[in-house]
Structures are given as C-alpha cells and as structure tokens.
Trainee: 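Pasting a structure below so you can have a look.
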Amino acid sequence: MKPVTIVNTQLFSLLINRLCHQLIENHKDFSESAIIGLQPRGIYLANRLKQRLEEITGKTIQTGALDITFYRDDFRRRDVPLLPSVTNLDFSIENKDVILVDDVLYTGRTVRSGLDALIAYGRPRKVELLALIDRRFKRQIPIQADYVGKWVDTLSSEKVAVEWRETEGEDKVILFTPKEHE
Amino acid sequence: MNKNLSVDHLLGIKDLNREDLEIIFKTADSFKEVINRPIKKVPSLRDITIANLFFENSTRTKLSFELAEKRLSADVVNFSASGSSVKKGETLIDTVNNILAMKVDMVVMRHSTPGAALFLSKHVDARIINAGDGTHEHPTQALLDAYSIRERLGSVEGKKVVIVGDILHSRVALSNIFCLRKLGAEVMVCGPTTLIPRYISELGVKVEHNLKKALEWCDVANMLRIQLERQDIRYFPTLREYTMQFGLDMKLLKSLNKEIVVMHPGPINRGVEITSEVADSHQSVILDQVENGVAVRMAVIYLLASKIRS
C-alpha cells in the first residue's frame with residue numbers, strides 16, 4: 001500500500017478550528033451539550049475538540065467516550081472477536097444535545113451502533129454527528145454527518161487513517177491505496 | 001489484544017491459560033459497566049439460543065446465568081431435572097440432542113456427575129458451559145472469585161488466598177485452586193484433615209489445619225460451605241465442633257494484625273462457617289461476588305458465542 005497524505009498538519013488544525021466554530025454557532029455556550037467520542041479512534045477527536053472549544057469559549061465542555069462493541073452488527077461474522085473498549089460517561093445525557101464524534105465516517109454502521117449504544121444511557125434531546133473525514137458515496141446505511149472536516153472520494157479497497165499528535169506524533173490524514181489501483 | 005479464548009467450551013479452569021483468564025476479566029470489566037447502566041442490556045446475542053440444563057439444584061448460579069444471558073439478549077430456555085423425561089429413563093445425550101434439535105446454540109449445564117460437561121462436549125454439537133459437575137469443577141465461580149479479588153486488591157498475582165472448609169467435596173475449591181495458581185497467587189487450603197484430599201499439595205497449594213495460622217498468613221479467606229448433602233459418612237463429630245475450629249467470627253477477624261478480604265461462594269450457613277457479623281462486615285465481598293458473577297458469566301458467554309459461525 002502506498003500512503004498519501006491527504007490532510008497535512010496545517011490543514012488539520014484549520015479543519016479542527018472550523019469544526020469548533022460551527023459547533024459554537026449551533027450550541028452557544030454548551031451548557032446543555034455534550035461531545036461523545038466513539039471508541040476507539042473517535043475519542044482523540046473528541047478530546048481535541050474539547051481542548052480547542054475550551055480555549056475559544058473559556059467554558060468547560062462535557063466530553064465522554066462511548067464503546068459500541070456490544071451493539072455492532074458483525075458479531076460472529078468476523079474472524080477475530082470484537083473486544084470492548086472503555087465507556088466513560090460521567091454525566092447524564094438525558095435531555096442533552098449530544099454531538100457524536102468519530103474520526104472517519106465510512107459505511108455508517110459504526111454510527112448506527114453508536115446510536116443504539118447511546119440510547120442505552122438515556123434519551124438525549126438531540127443527537128448530531130461530526131466526522132473529521134467523510135468517505136462519501138460509500139455509505140451502506142442512510143446516515144449523514146451534520147459537521148464534516150473534509151469529504152474524500154475513495155475506493156472500498158483503500159484505507160483512510162487519521163493520525164494524532166498524542167499517539168502517532170503528528171496530526172495528519174493518510175490515504176493508503178493498494179498496489180493494483182495505483 | 002484481539003485474541004479469543006483458546007477453548008471452544010468452558011468445561012473447567014484446568015483447560016484455560018492465563019491469557020484466556022485475562023481476556024475474560026477484561027471483557028467482564030465492560031459488562032460490569034453495562035449492568036450498571038439505566039438500560040442493562042446489549043443486543044450482541046440476539047440470534048443465539050441458550051439452554052440452561054440444571055440436573056442438580058441451584059438458585060444463585062441458575063439465576064446468574066439466566067440474567068447474564070438475558071442481558072446479552074440471547075433467547076433462553078430453562079430445564080430442570082425434576083419433572084422431566086430424565087426421570088423416565090432418558091439418557092443425557094438423548095435429552096440434550098432433543099433440546100438441540102430445537103436449534104439451541106449453547107448449553108449451560110449443572111450435573112452431579114464429575115466429567116458430565118466434558119462428556120457432553122464430545123457428543124453433541126453445541127458450546128458447553130460447565131455450571132458445576134459433581135465434585136469436579138465450577139469454573140464460572142472460580143472466575144468470579146478471582147475477578148472479585150482483582151477488583152478489591154488490584155490484582156491476583158502474588159496475593160495469598162486461603163480456602164477454608166470442605167476441600168474434599170468442593171468443586172469451587174478445585175476450580176479456585178487452578179484459577180488462582182494460573183494467575184500467580186499463592187494458595188493454601190485449611191480444614192479438618194478428613195476433608196482435605198491427601199495429595200492436594202501436588203497442585204501447588206499449602207495445607208494448614210489451624211484456622212488462626214491460616215488467616216494470619218493470607219490476604220483473602222474464601223470460606224466454603226459445609227456440604228452436608230455430599231457427605232455419605234461423618235467427616236467431623238458435630239457441626240458445632242466444626243464451627244469452633246473452622247468458623248470465622250468477628251473476634252478472630254479482629255485479632256489479626258491486618259484487614260483480610262472475606263469471601264463466600266454462597267449459600268451461607270450463617271453461624272456455621274462464618275457469623276452474620278462477618279458476612280455483613282465491610283471486609284466481606286460476598287455481595288460483590290454475586291454482582292460480579294453476572295458480569296463474568298456475560299463475558300464467558302459472549303466470548304464463546306463469538307466462536308459460533310453464523
């Protein structure tokens with residue numbers, strides 16, 4: 001697979017900034033809102049948004065992590081078992097405006113599981129979806145994001161990976177293309 | 001960590017390796033969080049049917065398994081030996097095959113014969129979970145005991161655990177010894193000489209006949225019930241004498257120079273192996289064990305079910 005950087009560090013920071021301002025436009029002071037990252041990779045984006053939003057607004061943003069393993073629709077259809085990550089929601093989502101956050105929106109199946117998982121914790125007033133990367137035209141389920149960092153057109157055989165300063169050392173988005181399609 | 005269990009059935013702790021135990025505990029952590037949610041149910045096992053076959057009486061284990069199954073959204077059928085065709089002379093394999101013919105994917109079985117679960121796993125096409133086979137093993141009890149120690153003390157490795165009581169007839173003791181040894185704990189058994197099997201030290205456990213000495217050595221004391229129903233001869237003169245020598249009361253607990261954790265697999269005979277005061281004290285994790293039992297059983301069922309191909 002040949003890796004191509006499709007979002008560099010500079011653009012990455014612009015995207016995060018833009019998404020934060022779009023969120024502020026709709027959520028005002030965030031007193032009734034909460035950002036919930038989908039495990040495993042959505043939590044980095046949720047934390048980054050929280051950090052940036054708190055810098056801009058000076059308010060504390062409620063942030064949580066949601067594990068969707070037990071709600072997935074591919075249990076018993078994979079070779080390796082699905083092992084869970086941690087769910088960390090130390091606040092009530094009842095009547096909150098929840099922003100579900102994931103790094104890459106692809107088939108939409110993860111988000112569908114996420115909605116099921118979320119509702120097990122209560123009834124939010126509203127649920128929105130934010131994705132840093134939207135692999136558009138690849139949906140298998142009718143789910144669309146309310147906030148998107150960047151739309152990319154990809155083949156199913158390609159892979160999109162979001163890398164983070166905290167874990168991989170640099171903020172960037174990489175597209176992997178298998179040899180036969182180069 | 002993307003590995004599954006090394007086994008297809010849970011017949012005994014003896015068959016598991018340490019990695020299996022860690023996978024089960026890690027998965028149980030997530031289920032423990034699930035059963036404390038407002039909605040205590042996940043849809044993972046929507047398309048799985050589980051039969052609970054209890055050829056021997058049980059309240060706690062049966063309830064715990066049934067709750068675990070229902071919280072995973074599995075369909076559950078229950079069967080108990082009384083009033084069934086077993087009484088009419090049907091064999092175990094026939095009984096189970098008849099149930100499996102109704103498209104059951106997994107069988108949870110308690111049976112009075114040691115090895116019944118292993119036997120079944122060789123002859124029928126379903127995942128088997130042993131919920132206790134005679135005096136042999138009771139793997140999920142050992143798992144929840146070890147899980148409760150891990151939860152209370154941070155880890156099991158290096159901890160000293162004493163199992164007190166009827167070691168001879170106890171499947172809980174045997175499974176616990178295997179489980180704790182695999183997790184790196186030191187294990188001691190304590191009880192009247194007549195209730196300690198002769199060659200038990202070959203399993204790598206210490207033997208002690210003085211309860212006070214055993215308690216001073218340990219971090220955790222697992223007080224087993226005296227199983228009068230399994231005793232065909234008298235192993236000790238009277239219950240009162242047993243209590244005087246091997247019963248745990250507050251005075252003895254307070255006389256130790258440290259706070260030990262007290263466990264009991266239930267059902268408790270209050271005033272025999274432990275007093276009410278001890279059972280209800282803050283050092284006792286008896287009710288945590290029950291709660292953890294559901295989480296651990298959910299983990300085992302989940303992991304085994306993930307091996308059933310759709």
Side-chain angles (χ1 to χ4, degrees), chain A residues 34 36-43 62-96 98 100 108-125 127 140-141 159 161 167, chain B residues 1-8 10 19-50 68-75 105-106 126-127 294-310:
Chain A
I36 296 178
L38 295 179
Q39 286 276 24
R41 303 285 302 179
I43 55 166
Q62 280 187 323
T63 315
L66 184 65
D67 180 63
I68 56 135
T69 309
F70 302 132
Y71 299 86
R72 294 180 62 119
D73 57 7
D74 54 354
F75 182 65
R76 304 204 291 122
R77 288 163 184 80
R78 302 161 59 98
D79 292 332
V80 284
L82 297 160
L83 291 181
S85 307
V86 177
T87 288
N88 184 10
L89 291 178
D90 52 3
F91 49 86
S92 164
I93 60 161
E94 199 71 29
N95 279 326
K96 288 262 164 57
V98 170
L100 273 189
R109 286 179 189 267
T110 303
V111 177
R112 187 214 59 81
S113 313
L115 288 169
D116 276 358
L118 184 69
I119 283 158
Y121 289 89
R123 183 181 186 274
R125 184 168 59 199
V127 183
Q140 294 169 0
I141 279 175
K159 251 191 84 181
T167 49
Chain B
M1 193 167 71
N2 260 331
K3 293 187 77 171
N4 204 340
L5 300 180
S6 63
V7 293
D8 290 334
L10 181 66
E19 198 174 27
D20 293 331
L21 299 172
E22 304 286 352
I23 293 172
I24 292 170
F25 291 163
K26 190 169 179 287
T27 312
D29 283 339
S30 294
F31 284 120
K32 178 136 192 195
E33 187 269 321
V34 166
I35 60 178
N36 283 295
R37 290 180 190 172
I39 296 176
K40 302 168 178 56
K41 193 167 170 137
V42 294
S44 301
L45 266 66
R46 269 175 312 218
D47 46 358
I48 297 276
T49 307
I50 303 178
E69 290 150 6
K70 288 184 169 166
R71 287 184 172 159
L72 287 165
S73 301
D75 289 320
D105 307 286
M106 197 183 278
R127 309 282 147 165
V294 178
V296 165
R297 290 184 174 108
M298 285 173 83
V300 169
I301 295 167
Y302 175 83
L303 291 167
L304 289 178
S306 73
K307 294 188 153 199
I308 303 171
R309 289 294 121 207
S310 55

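Each chain gets a letter, A, B and so on, in the order its sequence line appears, and its residues count up from 1. What you see is a predicted model; the values in this text were computed from it and never measured.
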Trainee: Restricting to non-hydrogen atoms, name the atom on A:S85 and the atom on B:S30 that form the minimum distance, rounded to 0.1 Å.
Mentor: O-OG, 3.6 Å
Trainee: What verdict does the side chain to side chain contact (heavy atoms under 4.5 Å, CB included) test give for A:T87 and B:V34, after you've listed the backbone C-alpha separation in whole Å, the side-chain angles of each residue and the deciding distance to 0.1 Å?
Mentor: CA-CA 9 Å; A:T87 288; B:V34 166; over 6 Å; no
Trainee: For A:I119 and B:I39, work out which heavy atoms get closest and say how close.
Mentor: O-CD1, 3.6 Å
Trainee: Going from CG on A:N88 to CD on B:E33, what distance comes out if it is rounded to the nearest 0.5 angstrom?
Mentor: 9.0 Å
Trainee: Describe, in one word, how the ring planes of A:F70 and B:F31 are oriented to each other, choosing from parallel (under 30°), tilted (30 to 60°) and perpendicular (over 60°).
Mentor: parallel
Trainee: Whether the side chain of A:R76 engages the backbone of B:S306 through a donor-acceptor N/O pair (distance < 3.5 Å, no angle test) should be reported.
Mentor: no
Trainee: Yes or no on side chain to side chain contact (heavy atoms under 4.5 Å, CB included) for B:L45 and A:F75, after CA distance, side-chain angles and deciding distance?
Mentor: CA-CA 8 Å; B:L45 266 66; A:F75 182 65; 3.5 Å; yes
Trainee: Checking heavy atoms, do the side chain of B:K41, its backbone, both or neither come under 4.5 Å from chain A?
Mentor: backbone
Trainee: Salt bridge check: are B:R46 and A:D116 linked by an N-O gap of less than 4.0 Å?
Mentor: no
Trainee: Non-hydrogen atoms of chain A under 4.5 Å away: do they reach the side chain of B:L5, the backbone, both or neither?
Mentor: neither
Trainee: Counting only heavy atoms not in A:R125, do more than 12 sit closer than 6.0 Å to its CZ atom?
Mentor: yes
Trainee: Pick whichever of A:A117, A:P84, A:G122 has the most heavy-atom pairs under 4.5 Å with chain B.
Mentor: A:P84
